[in-house]
*Asks:* 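Please read through the structure below; I'll follow up with questions.
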There are 2 protein chains.
Amino acid sequence: MHRTRVRVVEDALDANTTIARANREEFDRAGVSVVNVMSAPGAGKTTLLERILAGDGLGGVRVAVLEGDVQGSLDADRLASLHVPVVQLNTGNGFGGECHLDANMVRSALPSLALDEIDLLVVENVGNLVCPAEFRIGEDARIMVSSVAEGDDKPLKYPLMFRACELVIVNKLDLLEHVDFDLDRFLGHLEAVHPGVEHLLVSARTGEGVDEIGEWLVRLADRGRARA
Amino acid sequence: MHRTRVRVVEDALDANTTIARANREEFDRAGVSVVNVMSAPGAGKTTLLERILAGDGLGGVRVAVLEGDVQGSLDADRLASLHVPVVQLNTGNGFGGECHLDANMVRSALPSLALDEIDLLVVENVGNLVCPAEFRIGEDARIMVSSVAEGDDKPLKYPLMFRACELVIVNKLDLLEHVDFDLDRFLGHLEAVHPGVEHLLVSARTGEGVDEIGEWLVRLADRGRARA
């Protein structure tokens with residue numbers, strides 16, 4: 001049974017790669033950069049996005065958000081109040097795709113997105129440190145958000161996720177003095193599993209470091225516009 | 001393709017149920033109670049177990065631990081220093097089962113466990129709020145650990161997980177004054193998705209509430225011994 005299962009999974013990943021490539025072509029045609037934001041549940045992705053979108057750190061970059069959730073639209077509702085186009089994707093009931101977004105789910109949302117009117121699409125993935133890392137969606141870059149409340153061992157425990165990203169955001173820095181989290185140890189573990197990866201130290205609660213995320217996103221969007 | 005995928009998934013869940021039943025028979029024969037502990041990454045499962053196992057809150061209950069991780073044995077190493085039998089299960093590389101434990105993985109560990117010499121088997125699942133809820137492993141009860149650092153919206157965002165348990169542990173209570181977490185709102189959401197479920201408020205860091213978890217586990221073990 002195990003062999004059959006692996007075979008099916010390989011087929012699914014192959015199909016995903018093909019659809020991710022098709023998504024990529026549509027994004028390129030419209031000059032849209034896409035960032036896939038991943039983390040464990042409750043690491044603060046939505047609060048960070050609220051902070052970034054509410055400020056003016058993105059300059060003239062026009063943004064839309066694709067919200068991935070197992071169920072409901074709590075996060076999408078929070079972001080929609082910021083007058084940014086938000087599309088909700090629910091990964092549904094039956095097992096077999098609900099713990100992550102895949103290229104086909106993102107593809108199904110494209111008709112709802114006015115790609116020609118945006119520069120940057122932010123995709124907030126389902127909170128999960130395992131499967132989202134395995135499914136490309138046609139993005140330019142992946143951001144991994146890790147909260148200091150989760151502990152400094154996480155890069156060693158979920159190495160694929162920490163490897164499958166171009167930027168690691170260490171969030172909830174305001175909690176550092178209240179938790180058993182050794183920042184140097186965390187950064188050492190990160191360097192061990194993904195040498196040289198960029199990281200930013202931030203607090204979505206206080207706003208510390210949020211401007212730097214904005215600057216990083218603006219650079220990403222600029223590269224997309226240059227390609228179009 | 002979707003239909004095929006769902007079909008394969010149904011087969012996998014059926015197979016899992018059959019194997020979970022076989023595990024259950026072995027546990028019953030030995031009079032062992034089994035608890036499946038689930039949470040998001042970094043919610044504090046291992047630290048709670050350290051606290052419980054290091055103290056004398058379990059009275060004479062003989063415990064073994066099965067550690068589920070994608071990779072490595074960090075948590076197992078921490079617990080092994082407490083002189084409790086610990087078996088590590090790594091859910092491996094290839095996709096298709098790595099984000100959760102299933103009944104067959106637990107079954108593969110049974111030969112390493114001296115079931116006749118224990119009363120309670122604690123299974124620490126992979127940190128994930130989606131898939132572990134769908135795979136029974138032959139357990140008597142499931143505990144869901146949720147940290148206040150994750151936010152009070154989690155029962156609404158991951159309802160299946162909060163429904164698929166007999167006890168919800170609200171951990172990191174020591175952080176309550178430092179995070180935007182409304183305990184009453186959380187408990188209201190919990191009651192909405194799983195009316196009447198038991199909950200305990202604890203802090204693995206300070207030890208608050210840990211004795212109550214121990215008492216809960218002793219009652220569970222007593223029921224197992226009574227059945228044998």
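As a basis for the values below, the full set of heavy atoms in this structure was taken, side chains included, without hydrogen atoms, waters or symmetry mates. All chains are named by letter (A, B, ...) in the order of the sequence lines, taking the proteins before the strands, and each is independently numbered beginning at 1. Quick caveat, the model's predicted, so the values are computed rather than measured.
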*Asks:* SG/B:Cys131 to CG/A:Asn128 distance, rounded to the nearest 0.5 angstrom?
*Replies:* 7.0 Å

*Asks:* Could you measure the distance from the CD atom of B:Glu150 to the CD atom of A:Glu150? Nearest 0.5 Å is fine.
*Replies:* 8.0 Å

*Asks:* Pick from A:Leu74, A:Val126, A:Val70: which one makes a side chain to side chain contact (heavy atoms under 4.5 Å, CB included) with B:Lys157?
*Replies:* A:Leu74

*Asks:* Hey, are the side chains of A:Asp153 and B:Asp75 touching, using non-hydrogen atoms and a 4.5 Å cut-off?
*Replies:* yes

*Asks:* If you tally heavy-atom pairs under 4.5 Å against chain B, which of A:Asn104, A:Asp69, A:Asp180 wins?
*Replies:* A:Asp180

*Asks:* Out of A:Ala149, A:Gly72, A:Ala40, A:Pro41, return the one with the most heavy atom pairs under 4.5 angstrom to chain B.
*Replies:* A:Pro41

*Asks:* Anything in residues 198-213 of chain B with a heavy-atom distance to chain A below 4.5 Å? Please list those residues in order.
*Replies:* B:Arg205

*Asks:* Flag the one option from A:Gly127, A:Ala43, A:Gly151, A:Gly44 with the top tally of heavy-atom pairs under 4.5 Å to chain B.
*Replies:* A:Gly127

*Asks:* Heavy atoms only: give me the nearest B:Pro159-A:Gln71 pair and the separation to one decimal.
*Replies:* CG-OE1, 3.3 Å

